[in-house]
Amino acid sequence: MPELPEVETIVRGLRRRVVGRTIDNAEFRWARTAKGDPDVTVAGLRGQRIEALRRWGKYIVFDLARDGESSVLVVHLRMTGNFLINGEPGPWTRAILTLDGGMSLIFHDIRKFGRFEWAPDIPPRLRELGPEPLEIPFEEFYPRLKARSAQAKAVLLNQEFLRGLGNIYCDEALFRSRIHPKTNTARIGPTRAARLHQAIQEVLADAIEQGGTTVMNYVNSEGTQGYFQLKTFVYGKTGEPCKVCGAPIRKTIIASRSTHYCASCQRR
DNA sequence: CGAGTCCTGTGT
DNA sequence: ACACAGGACTCG
């Protein structure tokens, strides 16, 4: 479920509740949720004060401090991960962070793909990711786009190009900018590139404003059902009429991911 | 590049 | 029974 807007929503929901608190204990009910040795991770997290909480692409970064030493807890929710504040542990609970003041963070993750990594600092792999899509100016975006020579959908999905876009928002941004997902990025001129840059920013901003996009059972950090949802134009709309022109939305596979587009609005 | 892997749940 | 799902990593 989570792409940049969903992660941003979760981080905003958690931040005011956890910053300034101390991790009294950590528990992994699914050992592989911890990257490396779970016991080492637990020992590393105990007694850490949460100094700040931020988002890095689709990652959640807890900035920690203990005895004057800083470190980070990096969490990736992958497909089905989520945090519940003060929730009851259940069959899909993979990790629990017990904070001071009688507070707990339950990590709920049906598919067990989510990962917790405790490290001295932001790992190199994260530093090598591309810029934040909501922060990159067009003057930087355009040459970056032109420097690639691959299908637009594959480029947008690549976290080394921009960090945080996932399958839904790639399809939606391409639709909004009327660019066919198979267009080679090296052949996108300044006009279309500007539309794409703006579409990316708009669709992410819209989604964040609405608390993300719910496909299946999205439950926010407070444990209540998500009520708003971004309306998608193409994602998951295969066969339905395009909301702009009425042509049926098509589905294909690009970079081994399902890709939705309107063949009439998005010409090659 | 694509294919396989990690996983469980849902829909056909 | 089988395809498919918001993601990312490893391998050939």
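Below, read A as the first sequence line, B as the second, and so on, with proteins coming before strands; counting in each chain starts at 1.
Distance alone, capped at 3.5 Å, places no donor-acceptor pair between the A:Arg187 side chain and the A:Thr183 backbone. Looking only at distances, a side-chain donor or acceptor of A:Asp171 sits under 3.5 Å from a matching main-chain atom of A:His260.
From A:Leu134, atom CG reaches atom CG of A:Leu4 across 6.0 Å, with rounding to the nearest 0.5 Å. To the nearest 0.5 Å, the span separating CG on A:Leu156 from CD1 on A:Ile200 amounts to 5.0 Å.
Heavy atoms of A:Arg32 sit under 4.0 angstrom from primed sugar atoms or phosphate atoms, though from no base atom.
In this structure, of C:dA5, B:dT8, C:dG7, it is C:dA5 that holds the atom nearest to the side chain of A:Tyr235. Out of C:dC9, B:dT8, C:dG7, the shortest distance to the side chain of A:Arg125 is found at C:dC9. Closest contact between the side chain of A:Phe113 and the listed nucleotides C:dC4, C:dG7, B:dT8 involves C:dG7. For A:Arg94, the listed nucleotide lying nearest its side chain is B:dT8; candidates were B:dT8, C:dG6, C:dA8.
Contact check, A:Lys112 against B:dT8: a side-chain N or O comes under 4.0 Å of OP1 or OP2. Phosphate proximity of C:dA8 to A:Lys58: present, with a side-chain N or O under 4.0 Å from OP1 or OP2.
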Under 3.5 Å, which N/O atoms of the protein pair with N/O atoms of nucleotides 1-4 of chain B?
none

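Screening residues 165-194 of chain A for ring pair (Phe, Tyr, Trp, His ring centres under 6.0 Å) gives A:Phe175-A:Phe233, A:His180-A:Tyr261 as the qualifying pairs, with residues at least two apart or on separate chains.
In secondary-structure terms, DNA chain B builds stems of at least 3 consecutive Watson-Crick or G-U pairs, each pair having both distances under 3.5 Å, at B:1-6 with C:7-12, B:8-12 with C:1-5.
Checked against salt bridge (Lys or Arg N to Asp or Glu O under 4.0 Å), A:Arg176 has the following partners two or more places apart in sequence or in another chain: A:Asp206. Under the side-chain hydrogen bond (donor to acceptor under 3.5 Å, both in side chains) criterion, A:Asp63 pairs with A:Arg54, not counting sequence neighbours.
Mapping A:Ser258 and A:His76 onto DNA chain C via the closest heavy atom, the residue that lands nearer the 5' end is A:Ser258.
Within residues 171-183 of chain A, no residue has a heavy atom under 4.0 Å from DNA chain C.
Put simply, the side chain of A:Arg111 and the base of C:dA5 share a donor and an acceptor less than 3.5 Å apart.
Taking the six-membered ring for Trp and the full ring otherwise, A:Phe107 and A:Phe28 have centroids separated by 6.0 Å or more.
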